[in-house]
**Q** 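Mind looking over this structure? Questions follow.
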Amino acid sequence: MTPQVAPAGTLNDHSLIQSTDELHPANLIPALCRNFYKLGWVTGTGGGISIRDGEKVFLAPSGVQKERIESRDIFVLTLSSRSFLRWPVHKPLKQSACTPLFYNAYDIRGAGACIHTHSQHAVMATLLWKEDEFRVSHQEMIKGMRIGGTGTALSYLDTLVIPIIENTPDEEDLREGMEAAMKKYPDAPAVLVRRHGTYSWGADWEKAKAQAECLDYLLEVAVKMRLAGMDTVGLN
């Protein structure tokens, strides 16, 4: 598990989250969390997002109302050593419990951003698909997904395959299961966590956001298809 406090004597560089640029990660994360809250992805303090800017990783705090996050609530860590570069001091906050899982996306896929949702469509899909993978094909929105999350776009004719891992009582304990699934399914752009939600990523925040939206759409359609007794793979 990643440490929750910075070592004594570590310089806390607040300049890393101070910018008037609305596309700066420290400004983007609060804005995106507000958007995800409206979609029902991060209600009840659940879910989160991380954005990588070169060798710096920006993280939302854990256990807070995601729609009320401010730039000054953001943590900044190094990519290579996960050392603290900046942390909040105005109130006692903890870095995201999803941190080890976000780093899976960075270390294994070279992603530029990773999104964690508590989407009800994802939860329902993991309950209806009892096996260890979700499959759907012949849906237009599949074209919004990318091979491995950071590669070339999938085709309408491709079958989207997303691994499903079992949930754990503590978020950080999902790291090994997620890592194993990502390595077993190198072309998968996301991982589903049964009875929990999704982890998806992209080459940058825009591609990660677009894929998370396409994935949620596909999960919703597939759930409705299965409940209607229809196959989600093929044209039958």
**Q** For Tyr106 and Ser50, does a side-chain donor sit closer than 3.5 Å to a side-chain acceptor?
**A** yes
**Q** Would you say the side chains of Tyr156 and Glu140 form a donor-acceptor pair under 3.5 Å?
**A** no
**Q** Quick one: CG on Asp204 to CG on Asp53, what's the gap to the nearest 0.5 Å?
**A** 11.5 Å
**Q** Any chance the side chains of Ser15 and Asp13 put a donor and an acceptor closer than 3.5 Å?
**A** yes
**Q** Under 4.5 Å between side-chain heavy atoms, hopping through other hydrophobics if needed: is there a path connecting Ile115 to Leu59?
**A** yes
**Q** Is the ring pair His196/His118 parallel, tilted or perpendicular, if the boundaries are 30 and 60 degrees?
**A** perpendicular
**Q** Hey, what do you get for NE2 (His121) to CG (Leu218), rounding to the nearest 0.5 Å?
**A** 11.5 Å
**Q** Can you sort out the partners of Pro189 under side-chain contact (heavy atoms from CB on, under 4.5 Å), two or more places apart, ordered by chain and number?
**A** Met145, Leu160, Ile162, Gln211
**Q** Heavy-atom distance under 4.5 Å between the side chains of Ile164 and Glu131, does that happen here?
**A** no
**Q** Decide yes or no for Thr45 and Gln65: does some side-chain heavy atom of the first lie under 4.5 Å from some side-chain heavy atom of the second?
**A** yes
**Q** Between CG of Asp187 and CG of Leu154, what distance do you get to the nearest 0.5 Å?
**A** 8.5 Å
**Q** Report the distance from atom CD1 of Ile49 to atom SG of Cys114, rounding to the nearest 0.5 Å.
**A** 8.5 Å
**Q** What's the separation between atom CG in Leu128 and atom OG1 in Thr232, rounded to the nearest 0.5 Å?
**A** 10.5 Å
**Q** Looking at residues at least two apart in the chain, or sitting in another chain, which of them share a side-chain contact (heavy atoms from CB on, under 4.5 Å) with Glu166?
**A** Arg194
**Q** What I'd like to find out is whether the side chain of Ile51 reaches to under 4.5 Å of the side chain of Leu28, using heavy atoms alone.
**A** yes
**Q** Cluster question for you: counting only ILVMFWY and a side-chain heavy-atom cut-off of under 4.5 Å, with indirect links fine, are Tyr37 and Ile69 together?
**A** yes
**Q** Taking the side chain as every heavy atom from C-beta outward, state whether Leu11 and Phe84 have any atom pair closer than 4.5 Å.
**A** no
**Q** Any chance CD of Glu67 has more than 12 other-residue heavy atoms, nucleotides or ligands included, within less than 6.0 Å?
**A** yes
**Q** Is any side-chain heavy atom of Asn12 less than 4.5 Å from a side-chain heavy atom of Trp87?
**A** yes
**Q** Verify whether one side chain among Thr78 and Ser81 offers a donor that lies under 3.5 Å from an acceptor in the other.
**A** yes
**Q** Distance from Ser137 atom OG to Asp231 atom CG, nearest 0.5 Å?
**A** 9.0 Å
**Q** Checking His24 now: which residues fulfil ring-ring contact (aromatic ring centres under 6.0 Å, His included) with it, not counting sequence neighbours?
**A** Phe58
**Q** Mind running side chain to side chain donor-acceptor pair (under 3.5 Å) on Thr117 and Thr198 for me, showing each step along the way?
**A** CA-CA 5 Å; Thr117 81; Thr198 70; 2.7 Å; yes
**Q** Less than 4.5 Å apart, any side-chain heavy atom of Tyr199 and any of Phe102?
**A** yes
**Q** With a 4.5 Å heavy-atom cut-off, do Glu172 and Thr99 have their side chains touching?
**A** no
**Q** Above 12 or not: heavy atoms from other molecules or residues under 6.0 Å from OH of Tyr185?
**A** yes
**Q** Find out whether the Lys NZ or Arg CZ of Arg226 is both under 6.0 angstrom from the six-membered ring centre of Trp129 and within 45° of the ring's axis.
**A** yes
